[in-house]
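Since the structure comes first, as structure tokens, the remarks are kept for the end.
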Protein chains: 2
Amino acid sequence: MTPELRSLGVREIALDNSRADILAAAARCFMDRGYAQTSIDDVARSLGATKGRIYHHFPSKGELFAEVFRAGMDMNFAAVKPLSDLPGPALPRWRRMAMVHVLQMMVTKPFQRAVWIGVEMHLAGATTPEQRTVFNELLDYRTRYGNLFRATLLQGRDEGVFRFDDLSVTNQLMFMSLNSPIFWYSPRTGETRAQTEALAARVVAYAQGGLVFEGERAA
Amino acid sequence: MTPELRSLGVREIALDNSRADILAAAARCFMDRGYAQTSIDDVARSLGATKGRIYHHFPSKGELFAEVFRAGMDMNFAAVKPLSDLPGPALPRWRRMAMVHVLQMMVTKPFQRAVWIGVEMHLAGATTPEQRTVFNELLDYRTRYGNLFRATLLQGRDEGVFRFDDLSVTNQLMFMSLNSPIFWYSPRTGETRAQTEALAARVVAYAQGGLVFEGERAA
DNA sequence: TTGACAACATACCCGGTAGTATGTTCATCA
DNA sequence: TGATGAACATACTACCGGGTATGTTGTCAA
């Protein structure tokens, strides 16, 4: 039996748990204070640990952030990709995709905020050209995710359920609506799953309204 | 004639121009790199100057940012407040307010991005309690601006042209749509005023669609 | 003409932070 | 059972950036 195929021992599981804990703590710090304002010591302190632990698992602050970004996008892809592959008319598929996406924004908010911060940082501090390459890869990842929705939007326009002229602008507007919970949503104490979903449904309904509205009639 | 009532001499005008130039340059830097990542030297360098010039006009980095924030909000208030005071049915007034607001987001984008960054920074670095006071005042300013729209939203619901249950959530969704150009809009080379307004109209139409949509029917 | 001050530039200090180098502990395995 | 290395903690360095202290130059007023 090769080492690669052997099942994970307690050692490996503990390692993965430690990594995952660091990622979650880092996501929360990045959400609270932004990238530049967050120090490695901040992340370590929020874990009751020190720098040594962080740098044992991640080579640099930039790489730690990149991993948080990837984790967030991985979760989005895992949730939405299966739905986007389904056949059938555009509108019900779009509604399911949008609903799952919004719920992701709410439930994994720290990671999604980190993704947002990453997109906003396009031309920021990445001094090293290799860091630049990593960053472009992350943005590509994000673009590919966006394309899942673009295809359904186009199909919906063909089917007459969506009305828009400029796909890029519409895509921006739609994502801005669907992503907005990462800025204003905060779970109520003792919030039930049904309440969370009701709120998400409101967001989806708003975005759908923007997509189907005839628009531009004079007031 | 008291000195206060005397008209401005060249000296005073030059002073104001210098301040305005610094504010514009700072807004652009804050937009490009965020607050923490922007150094005073960055702002100075973009003006072909040095720190001395900045600190001659502004006591600190935080105060410089606060002034950029205020300038952005001042422009918004000047543009929208007169419209919000007009009588009559909600929908046409909302459309005019929204249109002017969106155009503000596009034309004064660096300042509006700074306002956004400021809102996002609520619990960040403001160590001094007095800095805290300044910050709360800025957020109040922003809230008062938001209230201009809330009133019209409520009137519109009463008149049956808008449909929503939760005012806060709807307000967040609406502003997220109307503000979104600060993230994706960039003027085309040689863009005419008509083209700019056409784009703004698309944004307004999307937001209006979200406000009038019945929503929540099963797919 | 001169002195006073505004409007900067230059030179410097210092705290915070990314990254490193070096312990220390504990589990695992030969 | 002792050696080895993973998983950290501790101690340290280097640098960047906010803020200050001190020049320097041009303008205006008396």
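The structure presented is a predicted model; accordingly, all values stated were derived computationally and were not measured. Residue numbers begin at 1 in each chain, while the letters A, B, ... track the order of the sequences. What's counted below: heavy atoms across the whole structure, side chains too, no hydrogens, waters or symmetry copies.
Ring pair A:F111/A:W116: centre-to-centre distance not below 6.0 Å.
Protein atom CG of A:L47 is 14 Å distant from nucleotide atom C1' of D:dA9, rounded to whole Å. Atom-to-atom, CD of A:E63 to P of C:dG19 comes out at 11 Å; the value is rounded to the nearest Å. Atom pair B:D21:CG and C:dA7:P shows a separation of 14 Å (rounding to whole Å applied). A straight line from CD1 of B:I54 to P of C:dA6 spans 19 Å, rounded to a whole angstrom. Residue B:I22 contributes atom CD1, which lies 11 Å from atom P of C:dA7 at whole-angstrom precision.
A search for salt bridge (Lys or Arg N to Asp or Glu O under 4.0 Å) contacts involving A:E197 returns A:R193, not counting sequence neighbours. For the salt bridge (Lys or Arg N to Asp or Glu O under 4.0 Å) test, no residue two or more places apart in sequence or in another chain qualifies with A:D21. Considering only residues two or more places apart in sequence or on other chains, B:K61 meets the salt bridge (Lys or Arg N to Asp or Glu O under 4.0 Å) condition with none of them. Not a single ring-ring contact (aromatic ring centres under 6.0 Å, His included) links B:F69 to another residue, sequence neighbours left out. Checked against salt bridge (Lys or Arg N to Asp or Glu O under 4.0 Å), B:R70 has the following partners two or more places apart in sequence or in another chain: B:E63, B:E67, B:E137.
Here A:H57 reaches the OP1 or OP2 of D:dC8: one of its side-chain N or O atoms lies under 4.0 Å away. The shortest distance between the side-chain N/O atoms of A:T50 and the OP1/OP2 oxygens of D:dC8 is not below 4.0 Å. Listed pair A:H56 / D:dA7 meets the phosphate criterion, a side-chain N or O lying under 4.0 Å from OP1 or OP2.
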Please write out the pairs of protein N or O atoms and N or O atoms of nucleotides 16-19 of chain D separated by less than 3.5 Å, giving the distance to one decimal.
{"unit_1": "D:dG18", "atom_1": "OP1", "unit_2": "B:T38", "atom_2": "O", "d": "3.2"}
{"unit_1": "D:dG18", "atom_1": "OP1", "unit_2": "B:K61", "atom_2": "NZ", "d": "3.1"}
{"unit_1": "D:dG18", "atom_1": "OP2", "unit_2": "B:I40", "atom_2": "N", "d": "3.0"}
{"unit_1": "D:dG18", "atom_1": "N7", "unit_2": "B:K51", "atom_2": "NZ", "d": "2.8"}
{"unit_1": "D:dG19", "atom_1": "OP2", "unit_2": "B:Y55", "atom_2": "OH", "d": "3.1"}
{"unit_1": "D:dG19", "atom_1": "OP2", "unit_2": "B:K61", "atom_2": "N", "d": "3.0"}
{"unit_1": "D:dG19", "atom_1": "N7", "unit_2": "B:K51", "atom_2": "NZ", "d": "3.2"}
{"unit_1": "D:dG19", "atom_1": "O6", "unit_2": "B:K51", "atom_2": "NZ", "d": "2.8"}

